[in-house]
Number of protein chains: 2
Amino acid sequence: MSDRSQFRAVGLKTTLPRLKVMEILENSGERHMTAEDVYKEMLNLKEEIGLGTVYRVLNQFEQAGLVERNNFESGSSVFEIKSDSHHDHLVCMKCGVVEEFFDPSIEAQQEKVAKMAGFQIAGHSLSIYGFCSDCQE
Amino acid sequence: MSDRSQFRAVGLKTTLPRLKVMEILENSGERHMTAEDVYKEMLNLKEEIGLGTVYRVLNQFEQAGLVERNNFESGSSVFEIKSDSHHDHLVCMKCGVVEEFFDPSIEAQQEKVAKMAGFQIAGHSLSIYGFCSDCQE
DNA sequence: GTATCTGCAAACGATTTGCAATCCC
DNA sequence: GGGATTGCAAATCGTTTGCAGATAC
């Protein structure tokens with residue numbers, strides 16, 4: 001599905017800023033970017049845009065279910081294109097690299113925990129913090 | 001261990017604001033409080049304190065390992081007294097209640113995941129969001 | 001043409017910080 | 001006494017918002 005039709009499907013007009021933000025999320029090396037990251041990359045590519053617009057567009061994308069927001073311990077939110085499959089994150093505390101993983105047994109166990117506590121699950125966030133293989137001494 | 005000697009052990013002078021903040025964290029009904037919560041409770045108890053000081057004290061406590069900071073999806077950090085035993089959280093998205101849980105199999109599985117990715121674990125944060133038994137329709 | 005969208009700058013909420021006055025040992 | 005700590009207000013950071021002009025369809 002093209003970005004164009006993707007936007008139409010969720011009721012967003014196809015505008016240059018939206019196309020560009022989506023393109024950067026899709027094509028820049030890093031899947032997990034802050035609004036600032038996207039903004040700077042945009043300037044690198046010599047595109048005119050306001051930081052406010054980046055935030056607005058990312059929020060619209062989030063509400064439309066096109067991107068996912070993650071709050072790691074860094075102070076600012078990171079955004080990634082929403083894949084069909086849920087996953088959690090490993091975050092390197094030194095270089096900041098983010099790896100994704102999915103573990104069925106952890107997922108299943110969370111269901112059990114919630115059920116035992118009488119909670120109806122709406123979502124969850126699991127982030128493992130540590131040092132990636134390149135950042136250990 | 002008294003708060004007094006606890007403070008001395010981590011190199012913090014025993015001052016009224018620090019004693020009061022610790023007391024509130026220990027004795028107010030809720031284990032999970034924002035800086036604002038602590039501040040308001042302080043005013044309730046007719047204690048003079050600045051919000052800035054509450055933040056400063058909580059940060060010192062965190063660095064000293066006396067309290068733990070959690071960033072749920074709410075926008076502000078919540079603090080709780082650090083217990084000897086690690087645990088994760090179930091957070092109600094309606095009433096905000098927080099329940100703690102510990103699940104050995106989830107913990108163990110995280111170790112495996114990290115090892116497979118070549119990560120050296122430093123910590124993790126797992127929050128399950130949903131609706132508590134009182135908040136389901 | 002017109003409703004939607006953008007850029008800009010001002011506003012915001014949470015948190016931190018500089019500094020002079022105050023407190024603890 | 002003197003370094004650590006506080007209160008206060010101003011500063012900062014990430015993010016949101018109001019509004020006038022620009023854009024998509």
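Within every chain, numbering begins at 1; the chains are lettered A, B, ... in the order of the sequence lines, protein sequences first and strands thereafter.
- When the C1' atom of C/dC25 is taken as reference, atom CZ of B/Arg18 falls 13 Å away, rounded to whole Å.
- For B/Ser77, no side-chain nitrogen or oxygen approaches OP1 or OP2 of C/dA14 to under 4.0 Å.
- Residue B/Thr34 is classed as having no contact, given no heavy-atom separation below 4.0 Å to the nucleic acid.
- Between the C1' atom of D/dG14 and the CG atom of A/Asp37 lies a distance of 13 Å, rounded to the nearest Å.
- Comparing B/Gly52 and B/Gly11 against DNA chain D, the residue whose closest nucleotide sits nearer the 5' end is B/Gly11.
- Under 4.0 Å is where a charged nitrogen must lie from a carboxylate oxygen, and between B/Glu68 and B/Lys82 no such pair does.
- Proximity of A/Gln6 to A/Arg18: side-chain heavy atoms (C-beta onward) are nowhere separated by under 4.5 Å.
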B/Gln60 vs B/Leu66, side chain to side chain contact (heavy atoms under 4.5 Å, CB included): CA-CA, chis, key distance, verdict: CA-CA 9 Å; B/Gln60 291 158 347; B/Leu66 303 179; over 6 Å; no
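- Taking side-chain N and O atoms only, B/Thr15 has no distance below 4.0 Å to OP1 or OP2 of D/dA4.
- Within the 4.0 angstrom heavy-atom criterion, no nucleotide atom of any strand lies near B/Glu36.
- Spacing between atom CE of B/Met33 and atom P of C/dT15 amounts to 14 Å, rounded to whole angstrom units.
- Taking only side-chain nitrogens and oxygens, A/Arg4 comes nearer than 4.0 Å to OP1 or OP2 of D/dC25.
- Atom-to-atom, CG of A/Leu58 to P of D/dT16 comes out at 10 Å; the value is rounded to the nearest Å.
- Within the 4.0 angstrom heavy-atom criterion, only backbone atoms of the sugar-phosphate kind lie near B/Ser76; the bases stay farther away.
- At least one side-chain nitrogen or oxygen of A/Thr53 sits closer than 4.0 Å to the OP1 or OP2 atom of C/dG7.
- The distance from atom CG of A/Leu51 to atom C1' of D/dT15 is 8 Å, rounded to the nearest whole Å.
- Phosphate contact (OP1/OP2 of C/dT16, side-chain N/O of B/Asn59, threshold under 4.0 Å): present.
- Taking atom CD1 of residue A/Ile49 and atom P of nucleotide C/dC5, one finds them 14 Å apart after rounding to whole Å.
- Ring geometry for B/Phe7 against B/Phe61 counts as parallel: the plane angle stays under 30°, on a 0 to 90° scale with 60° as the upper cut.
- A donor-acceptor contact under 3.5 angstrom links the side-chain atoms of A/Arg56 to the base of D/dG18.
- Annotation: side chain to side chain donor-acceptor pair (under 3.5 Å) contacts of A/Ser105 (sequence neighbours excluded): A/Asp103.
- Per the geometry, CG belonging to B/Asn71 stands 13 Å off C1' belonging to D/dG14, to the nearest Å.
- A/Leu16 comes within 4.0 angstrom of no nucleic acid atom, judged by non-hydrogen atoms across all strands.
- Among B/Glu99, B/Glu26, B/Glu100, the single residue meeting the side-chain hydrogen bond (donor to acceptor under 3.5 Å, both in side chains) criterion with B/Arg31 is B/Glu100.
- Of the listed nucleotides (D/dG14, D/dT6, D/dA4), D/dA4 has the atom at the smallest distance from the side chain of B/Lys13.
- One finds a side-chain N or O of B/Tyr55 lying less than 4.0 angstrom from the OP1 or OP2 phosphate oxygen of C/dT15.
- Atom C1' of nucleotide D/dT15 and atom CD of A/Gln60 are separated by 14 Å, given to the nearest angstrom.
- Between D/dT5, C/dC5, D/dT6, one nucleotide has an atom nearer to the side chain of B/Val57 than all others, and that is D/dT6.
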